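Accompanying notes for the structure given below.
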Amino acid sequence: MKCEHCTRKECSKKTKTDDQENASADAPSPAQENGEKGEFHKLAEAKVFLSDCLACDSCVTAEEGVQVSQQNAKDFFRVLNLNKKCDTSQHKVLAVSVCPQSLPYFAAKFSLSVTDASRRLCGFLKSLGVHYVFDMTIAADFSILESQKEFVRRFRQHREEEPQLPMLTSACPGWVRYAERVLGHPITPHLCTAKSPQQIMGSLVKEYFARRQNLSPDKIFHVIVAPCYDKKLEALREDVPTASHSSRGADCVLTSGEIAQIMEQSDLSANDAVVDTLFGDVKEEEVRRHEGASSDGYLAHIFRHAAKELFNEDVGALTYRSLRNKDFQEVALERDGQVLLRFAAAYGFRNIQNVVLKLKRGKFPYHFVEVLACAGGCLSGRGQAQAEDGRADRALLRQMEGIYAAIPVRPPETSAHVQELYQEWLGGADSPRAQAALHTAYQGPGQPASSRDIKW
């Protein structure tokens, strides 16, 4: 079975860790453990390296496979066509939420500024019959703010006998699924409990927005536009349905590439439209992003917050140091020669594997790691950065990186809408309702009984 992270269909190619390259690996390879090569089902029964496919037999049950296969353009058009029927009792309110890392793809694809691309996309979706188009940046605001608070709490409570650190980010669904289904303890206790932007956006749309519009959540069909296929798997998480309703937060996830294909094949003429907000008549005028070069920038935002909150240090521009490759970087806060904070960003399986092995061996120098399954970060998701031959489109990626870097940064702390939502929606930033809506718990590993191939 093949997913976006694999480089070959057999899902059996292994990536060497730093320790293995130094000829000091402690554990035998999966092939050695099983006495066979290239037989994936055997590999899945043993420990699978992080270089293996995330959406493999270790991580996806047969039922999940069916559900993921239904998240496609046909499902989207099924609801659009249903709304054209006379039986209004079957009609749905169609809401589409767009990930910030998807917009540079549309800008590059159609040779537009990122603001014009946002409006072109919004206008096209509404010409199809979509009622509302939202920017998911506000959901990432919540996720980052909750992660900041959790890191400070963990740092203060950390003890050698009861370790709370390092904290590993939980916004990447591919990484989280692998950690839950394959790695388990001792990795999952280190995962940040803050929900991902996609999960939080599901709650915002199906709870807060539904209430404002006097709609039952099951009357809303919520579509996420995302840069990677793992977001489809994330929509299947059991805790995504809201606490008060059985409706899932995200009903369908489509990649940026799937949406672009719909746009290219359509003969509809559409006027550009301004993106909606969750606040009724208020419209989003300008596109904003967080500080990350290719993601939502959890490392930068949490590092600055922790430096100020824990050590009363104001941090300006961060100085990153690349280790071994450009996808593993670290940043440190020092005072009088003493390291106060040491953070890292680990993108891609090879770097993640090194993080996991060092953490298991107790040789881990970091307080925090931003973990992303895709090498190069979220902009590099295979749902938008893949050429026809299946390889990464390097030229397109460079273009997207330049476009993303040019988007103005807005720190989550400065969003008046977020502060308003904390009060109006959740009854306060530290309320039990906020804890329930914005945080999650993680499953332990367990081998599913059966599996199904998913062809992205």
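Values below: all heavy atoms of this structure, side chains included; hydrogens, waters and symmetry mates excluded. Note that the coordinates shown come from a computational prediction; the quantities given were computed from them, not determined experimentally.
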Item to complete: Mark yes or no: Arg120 above the aromatic ring of Phe110, with NZ or CZ under 6.0 Å from the six-membered ring centre and no more than 45 degrees from the axis.
Response: no
Practice prompt. Determine whether Tyr105 and Leu396 make a side-chain contact, defined as any pair of heavy atoms from C-beta on separated by less than 4.5 Å.
Written response: yes
Discussion item. Between Gln199 (side chain only) and Ser196 (backbone N and O only), is there a donor and an acceptor less than 3.5 Å apart?
Written reply: yes
Worksheet item: Can Asp327 and Arg350 be counted as an ion pair, charged N to O under 4.0 angstrom?
Response: no
Worksheet item: Does the gap between the ring centers of His367 and Phe155 come in under 6.0 Å?
Response: yes
Item to complete: Check for a donor-acceptor pair, side chain of Arg181 on one end and backbone N or O of Val176 on the other, with a separation under 3.5 Å.
Response: no
Worksheet item: Are any non-hydrogen side-chain atoms of Leu204 and Leu421 less than 4.5 angstrom apart?
Response: yes
Item to complete: Any chance you could measure Thr193, atom OG1, to Tyr442, atom OH, to the nearest 0.5 Å?
Response: 6.5 Å
Discussion item. Please evaluate residues Val418 and Ile138 with respect to the criterion side-chain contact (heavy atoms from CB on, under 4.5 Å), reporting the C-alpha separation (whole Å), side-chain torsions for both, the decisive distance (0.1 Å), and the verdict.
Written reply: CA-CA 7 Å; Val418 169; Ile138 194 168; 3.8 Å; yes
Worksheet item: Taking the side chain from Asn351 and the backbone from Tyr347, do they hold a donor-acceptor pair closer than 3.5 Å?
Response: yes
Item to complete: Would you please say whether a donor-acceptor pair under 3.5 Å links the side chains of Gln148 and Tyr298?
Response: no
Worksheet item: Are the charged groups of Asp251 and Lys206 less than 4.0 angstrom apart, N to O?
Response: yes
Item to complete: Would you check if there is a donor-acceptor pair between the side chains of Gln101 and Asp296 at a distance under 3.5 Å?
Response: yes
Practice prompt. Salt-bridge test for Lys195 and Glu146: reply yes if a basic N is under 4.0 Å from a carboxylate O, no otherwise.
Written response: no
Practice prompt. Check for a donor-acceptor pair, side chain of His190 on one end and backbone N or O of Pro166 on the other, with a separation under 3.5 Å.
Written response: yes
Item to complete: List for me each residue that meets salt bridge (charged side-chain N to carboxylate O under 4.0 Å, His left out) alongside Arg159, sequence neighbours excluded, and say none if there are none.
Response: none
Item to complete: State the NE2-CG distance between His301 and Leu318, to the nearest 0.5 angstrom.
Response: 10.0 Å
Worksheet item: Do the side chain of Gln329 and the main chain of Ala344 share a donor and acceptor less than 3.5 angstrom apart?
Response: no
Worksheet entry | With Ser97 via side-chain contact (heavy atoms from CB on, under 4.5 Å) - residues at least two apart | Phe134, Met136, Met201, Val205, His222, Ile224
Worksheet item: Between Phe364 and Tyr366, does the ring centroid distance fall short of 6.0 Å?
Response: yes
Fill in: OG1 on Thr169 to CG on Leu372, rounded to 0.5 Å
6.0 Å
Worksheet item: Within the side chain of Tyr404, is there an N or O that forms a donor-acceptor pair under 3.5 Å with the backbone of Arg289?
Response: no
Worksheet item: Can any side-chain N or O of Ser170 pair as donor or acceptor with the backbone N or O of Leu191 at less than 3.5 Å?
Response: no
Discussion item. Using the ring centroid of each side chain, check whether Tyr132 and Phe209 are separated by less than 6.0 Å.
Written reply: yes
Item to complete: Nearest 0.5 Å please: distance from the CZ atom of Arg288 over to the OG1 atom of Thr115.
Response: 8.0 Å
Fill in: Stepwise side-chain contact (heavy atoms from CB on, under 4.5 Å) test for Asp135 and Asp276
CA-CA 8 Å; Asp135 178 0; Asp276 302 290; over 6 Å; no
Return all side-chain donor-acceptor pairs below 3.5 angstrom for residues 333-340, not counting sequence neighbours, or 'none' if the list is empty.
from, atom 1, to, atom 2, distance (Å)
Arg335, NE, Glu313, OE2, 3.0
Arg335, NH2, Phe311, O, 2.7
Arg335, NH2, Glu313, OE2, 2.9

Worksheet item: Going by an N to O cut-off under 4.0 Å, is there a salt bridge joining Glu150 and Arg154?
Response: yes
Worksheet item: Would you call Arg212-Glu424 a salt bridge at under 4.0 Å N-O?
Response: yes
Worksheet item: With no hydrogens and no angle check, is any side-chain donor or acceptor of Ser431 less than 3.5 Å from a backbone partner on Gly428?
Response: yes
Worksheet, complete the sentence: In this structure, OG of Ser415 is separated from CZ of Arg410 (nearest 0.5 Å) by 4.5 Å
Worksheet item: If only atom types and distance count, is the side chain of Ser118 paired as donor or acceptor with the main-chain N or O of Val114 below 3.5 Å?
Response: no
Worksheet item: Hey, does Phe279 have a side-chain heavy atom less than 4.5 Å from the side chain of Tyr208?
Response: yes
Discussion item. Let me confirm one number: the CD1-OG distance from Ile259 to Ser256, rounded to the nearest 0.5 Å.
Written reply: 8.5 Å
Worksheet entry | Check ion pair Arg177-Asp230 (N to O, under 4.0 angstrom) | no
Fill in: Any side-chain donor near an acceptor of the partner, His290 and Asp141, under 3.5 Å
yes
Worksheet item: Is it the case that more than 12 heavy atoms not belonging to Arg394 sit under 6.0 Å from its CZ atom?
Response: no
Worksheet item: Between Ile187 and Leu359, does a side-chain contact (heavy atoms from CB on, under 4.5 Å) hold up when you go through it step by step?
Response: CA-CA 8 Å; Ile187 303 303; Leu359 181 56; 3.7 Å; yes
Worksheet item: Got a salt bridge between Lys232 and Glu234, using NZ or NE/NH1/NH2 to carboxylate O under 4.0 Å?
Response: no
Worksheet item: Are the side chain of Glu370 and the backbone of Leu299 linked by a donor-acceptor contact shorter than 3.5 Å?
Response: yes
Discussion item. Taking CZ in Arg156 as the centre, count heavy atoms belonging to other residues, nucleotides or ligands within less than 6.0 Å. Is the count above 12?
Written reply: yes
Discussion item. Walk me through whether Lys308 and Asn312 qualify under side chain to side chain donor-acceptor pair (under 3.5 Å).
Written reply: CA-CA 4 Å; Lys308 182 64 175 178; Asn312 198 30; 3.1 Å; yes
